[in-house]
Amino acid sequence: MSRYNPKDSESKWQARWEAAGCFRAEEDPGREKYYVLEMFPYPSGRIHMGHVRNYTIGDVIARYKRARGYNVLHPMGWDAFGLPAENAAMERKVHPADWTYENIDAMRGQLQSMGLSIDWDREIATCHTGYYAQQQRLFLEFLSRGLVYRKESWVNWDPVDNTVLANEQVIEGLGWRSGAPVERRKLSQWFFRITDFATELLDALDGLERWPEKVRLMQRNWIGRSEGAQIFFTLTGRPDSLEVFTTRPDTLYGASFCALSPHHPLSAELAEADPALQDFIAECDRLGTSEEAIETAEKKGYDTGLTVSHPLDPERKLPLYVANFVLMDYGSGAIFGCPAHDQRDLDFARKYGLAVLPVVLPPDADPLTFEIGEEAFVGDGHLFNSQFLDGLDVPEGKRKVIERLESLGAGKGSVQYRLRDWGVSRQRYWGCPIPVVHCEACGLVPVPDSDLPVRLPDDADFSRPGNPLDHHPVWKDVACPSCGAPAHRDTDTMDTFVDSAWYFARFCSPRHEAAPIDRAKADYWLPVDQYIGGIEHAILHLLYARFFTRALQGFGELSAPEPFAGLFTQGMVCHQTYRGADNAWLSPDEVMRDETGAWRDLEGRPVAAGRVEKMSKSKRNTVDPEKIIGTYGADTARWFMLSDSPPDRELEWTDAGIEGAWRFTQRLWRLVAEAAATVPPPGTARPKSLDDGSLGAAALELRRASHRCMAEITRDVEAFHFNKAVARIYELANALQGFKGKEPEELWVLREACETLTRLFSPMMPHLAEELWQALGHQSLLVDQPWPEAEPGLLVDSTITMGVQVNGKLRATIELPRDADRAFAESAALADPAVRRGLDGRTPRKVIVVPNRIVNVVV
RNA sequence: GCGGACGUGAUGGAACUGGUAGACAUACCAGACUUAAAAUCUGGAGGCCUUAGGCCGUGCGGGUUCGAGUCCCGCCGUCCGCACCA
């Protein structure tokens with residue numbers, strides 16, 4: 001028998017599906033829809049194994065749901081704006097657009113070679129004018145509704161990429177792309193008012209039941225809701241007062257100082273007349289924001305000499321410091337310090353000799369002797385030293401003190417969020433231009449709809465650092481749309497996370513020109529039923545997309561409050577790493593084993609095998625999907641991606657693994673193609689013996705196995721347990737291989753099993769499945785066949801193998817009819833010789849029978 | 001520091017709501033086929049003990065239960081997220 005040739009077969013079936021338009025999606029109110037989406041790729045030039053895993057998982061779901069009768073939407077596009085294109089332009093003198101579109105063409109071809117069930121008619125690229133024109137419209141709608149604003153603020157500045165970064169893009173003080181230490185600069189920036197939605201975004205997390213708990217938790221923490229109070233401290237000798245935020249208003253009587261952020265307006269004001277304070281603030285600014293810097297930085301304060309009055313006891317004066325650990329962008333940029341019940345405040349108080357007055361008494365502590373040593377007491381207890389609060393516990397104290405502050409007009413209950421507004425200005429070329437004109441007379445003027453899109457100029461100069469749009473000789477010069485006077489365009493472009501914050505909605509009507517979103521179509525398809533991608537987007541992209549969807553719902557652009565009803569985060573693809581003698585990374589192709597089993601490089605020098613790590617170019621442990629697909633075919637690559645590891649955990653790439661998948665591909669081919677030559681033609685009448693109980697034991701067992709497999713794989717695919725589904729396929733293949741029946745009824749059963757097997761693995765290996773479906777004599781495309789349904793009667797066995805324990809230790813197994821009664825099971829168990837030996841003459845005290853499961857004899 | 005997840009053979013991993021631990025695969029071993037290798041097919045296999053058989057075994061220590069990988073308490077270890085958030 002010849003071997004299966006994936007190369008010929010795969011392109012043949014891809015062409016057949018394409019010609020038949022199998023994966024083209026159309027709205028159909030009469031059918032239930034299912035929207036499957038994988039996170040769209042950045043067109044870097046070539047797909048990597050992570051893409052193969054991501055898109056294989058999505059394709060299994062899409063094909064499975066399609067077979068289940070859903071109207072499936074499964075689109076693909078390109079997250080095409082971004083810095084790498086611009087860097088390529090600088091390094092290689094190619095235009096970012098040319099570089100990007102070439103990459104898209106190459107990657108589209110690679111993805112198509114995987115045999116994905118994508119509706120390619122809906123393809124979009126965010127760098128395409130048709131896309132970013134609509135995004136500019138959205139931006140202006142956000143602007144007109146007050147959800148976009150411009151303000152001067154301290155920003156994270158990446159000195160290597162020469163651009164501003166969002167807080168979310170600063171990882172441990174370093175730029176997420178460049179890895180350079182981020183600097184602080186004060187710039188005028190555009191912001192999306194995501195904080196307006198903090199409460200909604202937080203509360204709605206509870207409803208996202210098909211999201212991983214981990215991602216919901218990460219978003220919860222990121223939004224960071226804190227309940228507490230806003231409290232005003234009167235400044236001595238000044239008319240104004242100082243606002244602070246605290247989560248512990250109950251400890252107000254323990255306050256011994258207040259502290260300002262170095263960036264607080266009052267700090268700046270005081271510094272004008274105080275050179276020493278100026279120096280102190282400058283010193284704070286020099287401290288980096290990196291993890292170590294924060295970890296090791298000493299808590300330092302500068303006594304301004306000013307005092308504030310305690311709001312509940314105006315005679316009490318507290319010193320006012322400027323302190324390096326107080327953040328300007330959380331709360332009000334000022335705190336009160338209660339050293340007894342906050343570790344940092346305690347350290348600060350000890351350093352500057354401030355009072356430490358405990359006001360919360362731990363349970364069992366004596367109020368007369370209780371003292372704070374080196375550790376603040378942060379637990380619950382009863383308030384003391386606190387006048388009208390004395391005796392209350394912490395939650396009651398909080399309530400009571402807020403009540404009092406409110407009646408005095410000195411404060412109120414307040415909720416703070418860690419979440420900040422989303423800064424989207426990027427001083428780069430390859431992004432969506434911000435459609436606003438700056439006019440000296442009129443201020444910020446939105447570009448009128450008739451003048452959209454604001455196109456990127458084709459002739460930008462990438463040869464010098466900085467923003468090419470800003471450097472362009474004429475691009476920014478424009479007449480003010482409002483007064484006609486000479487004005488200039490905003491030269492910032494939008495963060496590319498804006499592009500991906502609404503693309504799932506654009507897929508519903510990718511060619512619609514009248515508006516960004518065709519509401520009727522969006523309402524049919526949205527929300528995305530199953531979204532699939534990496535955990536690295538748990539916060540950034542997923543939070544922005546949720547924000548956009550809520551905002552757009554508010555504008556009446558669409559109806560769904562949430563973009564993604566189901567989310568699955570797949571694990572990384574990892575591979576062994578190696579380091580040579582000079583500690584340089586070595587590719588697995590460059591190492592071999594010597595006679596002793598030790599690793600050597602090609603010149604025989606010793607090599608250290610490192611950890612199994614995420615595939616990356618820098619560690620030189622990548623495997624090129626194109627090569628793998630070229631050698632083994634897409635089906636084998638897909639199969640390996642689904643085997644062994646659960647899809648949410650990491651998958652280790654091994655040569656043995658892909659070889660094993662390849663052998664199994666061939667084995668399936670032989671198994672089914674050989675059987676196809678002997679079985680009756682499709683549509684042969686079902687033999688009577690199947691239903692009158694006269695079917696032979698082996699054939700019945702095969703039928704049982706294949707119907708059990710239907711039920712199990714259906715359950716496994718629904719639950720994203722693809723590794724288990726793969727194991728079931730192996731089991732059925734093994735059962736099929738062991739079947740030797742030659743009678744007509746047996747051959748009918750053999751056909752049924754072959755067809756079942758083929759259909760069940762078709763979402764995973766779609767090309768091979770079509771090939772075998774054809775070999776089995778079918779004219780139709782398998783992709784149009786419904787998902788197989790098990791006959792319930794074949795899922796229950798008539799006999800059960802039960803374990804028998806003596807004192808909880810397994811001694812024997814017995815065969816019993818299904819649902820045998822307890823007494824029968826008990827006597828069968830006690831009659832077993834191994835059980836008798838275990839009893840060793842003792843009389844059972846008690847026999848526990850769990851029907852169809854186990855018998856436990858207790859002595 | 002705070003929050004979370006996980007710990008099962010040589011390896012990846014199975015084990016539904018507590019009920020026969022190790023499915024399935026990889027690697028390994030043996031046999032068949034072959035001049036040979038590869039491929040393929042058949043079979044083996046948690047560890048220990050001399051076998052029929054027995055003892056031990058899901059990171060460690062305790063507990064609940066007729067029965068614990070699964071539940072509870074306390075440790076140890078690995079990984080991930082956040083981190084001067086008042």
Side-chain angles (χ1 to χ4, degrees), chain A residues 1 3 171-172 212-215 217-222 224-226 228 244-248 251 258-259 261 287 289 291 293-295 297 299 323-327 329-338 342-345 347-348 416-420 535-536 538-539 612 640 643-646 648-652 654-661 663-664 666-667 670 712 715 719 721 723-734 737-738 801-814 834 837-838 844-859:
Chain A
M1 166 148 301
R3 298 232 293 184
I171 317 281
E172 294 181 357
E213 188 49 48
K214 180 185 169 80
V215 174
L217 189 71
M218 282 167 72
Q219 291 213 354
R220 228 170 255 138
N221 292 339
W222 188 264
R225 182 190 149 97
S226 293
V244 307
F245 174 75
T246 179
T247 54
R248 293 295 303 273
T251 64
C258 279
S261 161
L287 263 176
T289 47
E291 193 179 342
I294 288 166
E295 201 69 37
K299 308 292 178 254
N324 63 352
F325 60 87
V326 181
L327 303 173
D329 45 9
Y330 185 75
S332 61
I335 59 161
F336 84 76
C338 175
D342 181 283
Q343 190 59 45
R344 199 183 40 205
D345 293 348
D347 297 343
F348 192 82
Q416 282 293 325
Y417 292 94
R418 213 190 71 114
L419 184 70
R420 322 275 159 77
I535 186 90
E536 65 273 19
I539 296 169
V612 174
F640 178 52
S643 307
D644 294 338
S645 290
D648 52 346
R649 284 201 224 163
E650 58 185 41
L651 169 74
E652 187 188 348
T654 59
D655 291 343
I658 188 72
E659 285 287 341
R663 285 198 300 269
F664 187 62
Q666 293 294 343
R667 185 172 153 221
R670 280 192 308 273
E712 284 167 341
R715 207 174 49 221
H721 293 161
N723 57 321
K724 282 154 77 176
V726 163
R728 311 283 176 225
I729 295 287
Y730 278 108
E731 279 178 354
L732 184 55
N734 291 346
Q737 191 139 21
T801 308
M802 283 173 73
V804 182
Q805 299 175 331
V806 175
N807 282 346
K809 274 188 185 174
L810 187 75
R811 293 292 161 184
T813 57
I814 52 175
R837 208 164 41 236
R845 281 196 291 128
K846 197 164 149 195
V847 180
I848 287 153
V849 180
V850 183
N852 299 327
R853 294 235 162 166
I854 205 159
V855 179
N856 190 9
V857 183
V858 187
V859 290

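Throughout, protein chains are lettered first and strands after them, A, B, ... in sequence-line order, and every chain is numbered starting at 1. Here the structure is a predicted model, which is why all the values come from computation and not from measurement.
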Go through A:V855 and A:V849 one step at a time and tell me if the side-chain contact (heavy atoms from CB on, under 4.5 Å) criterion holds. CA-CA 5 Å; A:V855 179; A:V849 180; 4.3 Å; yes
Can you check B:rG47 for me, syn or anti if syn means within 90° of 0? anti
Considering only the [atom1] atoms, how many Å lie between [N] and [M], rounded to the nearest integer?
N	M	atom1	answer
B:rG47	B:rA52	P	15 Å
B:rA10	B:rU64	C1'	35 Å
B:rA68	B:rU8	C1'	14 Å
B:rU11	B:rC48	P	15 Å
B:rA37	B:rA45	C1'	26 Å
B:rG44	B:rG77	C1'	35 Å
B:rA32	B:rA39	C1'	14 Å
B:rC33	B:rC49	C1'	39 Å

Rounded to the nearest 0.5 Å, what separation is found between the [atom1] atom of [X] and the [atom2] atom of [Y]?
X	Y	atom1	atom2	value
A:R845	A:N807	CZ	CG	7.5 Å
A:L419	A:Q219	CG	CD	10.0 Å
A:I535	A:D648	CD1	CG	9.5 Å
A:M802	A:T813	CE	OG1	11.0 Å
A:S226	A:R248	OG	CZ	13.0 Å

Comparing nearest nucleotides in RNA chain B, the 5'-proximal residue of the pair A:R248, A:E652 is A:E652
Pull out every protein N or O sitting under 3.5 Å from an N or O of nucleotides 62-67 of chain B, one pair per line with the distance.
unit_1	atom_1	unit_2	atom_2	d
B:rC66	O2'	A:N856	ND2	3.0
B:rC66	O2	A:N856	ND2	2.7

Could you check whether the rings of A:Y730 and A:F664 sit parallel, tilted or perpendicular, using 30° and 60° as the cut-offs? tilted
Can you tell me which stems RNA chain B forms when a stem means 3 or more consecutive Watson-Crick or G-U pairs under 3.5 Å? B:1-7 with B:76-82, B:10-12 with B:24-26, B:28-32 with B:40-44, B:46-49 with B:53-56, B:59-63 with B:71-75
Between [atom2] on [N] and [atom1] on [X], what's the gap in Å once rounded to a whole number?
X	N	atom1	atom2	answer
A:I335	B:rA86	CD1	P	11 Å
A:E536	B:rC82	CD	C1'	17 Å
A:Q219	B:rG4	CD	P	17 Å
A:R853	B:rC16	CZ	P	9 Å
A:R3	B:rA38	CZ	C1'	10 Å
A:D329	B:rC84	CG	P	10 Å
A:H721	B:rG12	NE2	C1'	16 Å
A:M802	B:rU20	CE	P	10 Å

Taking all non-hydrogen atoms of both residues into account, name the closest pair between A:G337 and A:D345 and its distance. CA-OD2, 3.3 Å
Any donor-acceptor N/O pair under 3.5 Å between B:rC6 base and A:R649 side chain: no
With a cut-off of less than 4.0 Å, is there a side-chain N or O of A:Q416 near OP1 or OP2 of B:rC85? no
Quick one: is B:rG1 close enough that its OP1 or OP2 comes under 4.0 Å of any side-chain N or O from A:R344? no
Who passes salt bridge (Lys or Arg N to Asp or Glu O under 4.0 Å) against A:E712, sequence neighbours left out? A:R728
Test your reading of the model: is there a side-chain donor-acceptor pair from A:T247 to the backbone of A:G228, 3.5 Å cut-off? no
Per-nucleotide protein contact along nucleotides 50-59 of chain B, 5' to 3', at a 4.0 Å heavy-atom cut-off (B base, S sugar-phosphate only, - neither), is ----SSS---
Taking the basic N atoms (NZ, or NE/NH1/NH2) and the acidic carboxylate oxygens, is any pair closer than 4.0 Å for A:E213 and A:R220? yes
Is it true that A:D329 and A:R420 have a side-chain N and a carboxylate O under 4.0 angstrom from each other? yes
Atom pairs under 3.5 Å: protein N/O with N/O of nucleotides 23-30 of chain B:
unit_1	atom_1	unit_2	atom_2	d
B:rA23	O2'	A:E731	OE2	2.6
B:rA25	OP1	A:N734	ND2	3.4

Under 4.0 angstrom, heavy atoms only, what part of the nucleic acid is A:S645 near: base, sugar-phosphate, or nothing? sugar-phosphate
When we call it a touch if two heavy atoms are under 4.0 Å apart, what does A:V326 touch: a base, just sugar-phosphate, or nothing? base
Checking side-chain contact (heavy atoms from CB on, under 4.5 Å) for the pair A:V804/A:R811: CA distance, chi angles, key distance, verdict? CA-CA 6 Å; A:V804 182; A:R811 293 292 161 184; 5.7 Å; no
Is A:F336 close to A:D342 at the side-chain level, that is, under 4.5 Å between some pair of heavy atoms? no
Given side chains that start at C-beta, do those of A:F325 and A:I335 come closer than 4.5 Å, heavy atoms only? yes
Polar atom pairs between nucleotides 78-81 of chain B and protein, under 3.5 Å, N or O only, would you list them?
unit_1	atom_1	unit_2	atom_2	d
B:rC80	O2'	A:K214	NZ	3.1

In this structure, are over 12 heavy atoms from other groups packed under 6.0 Å from A:E650 atom CD? no
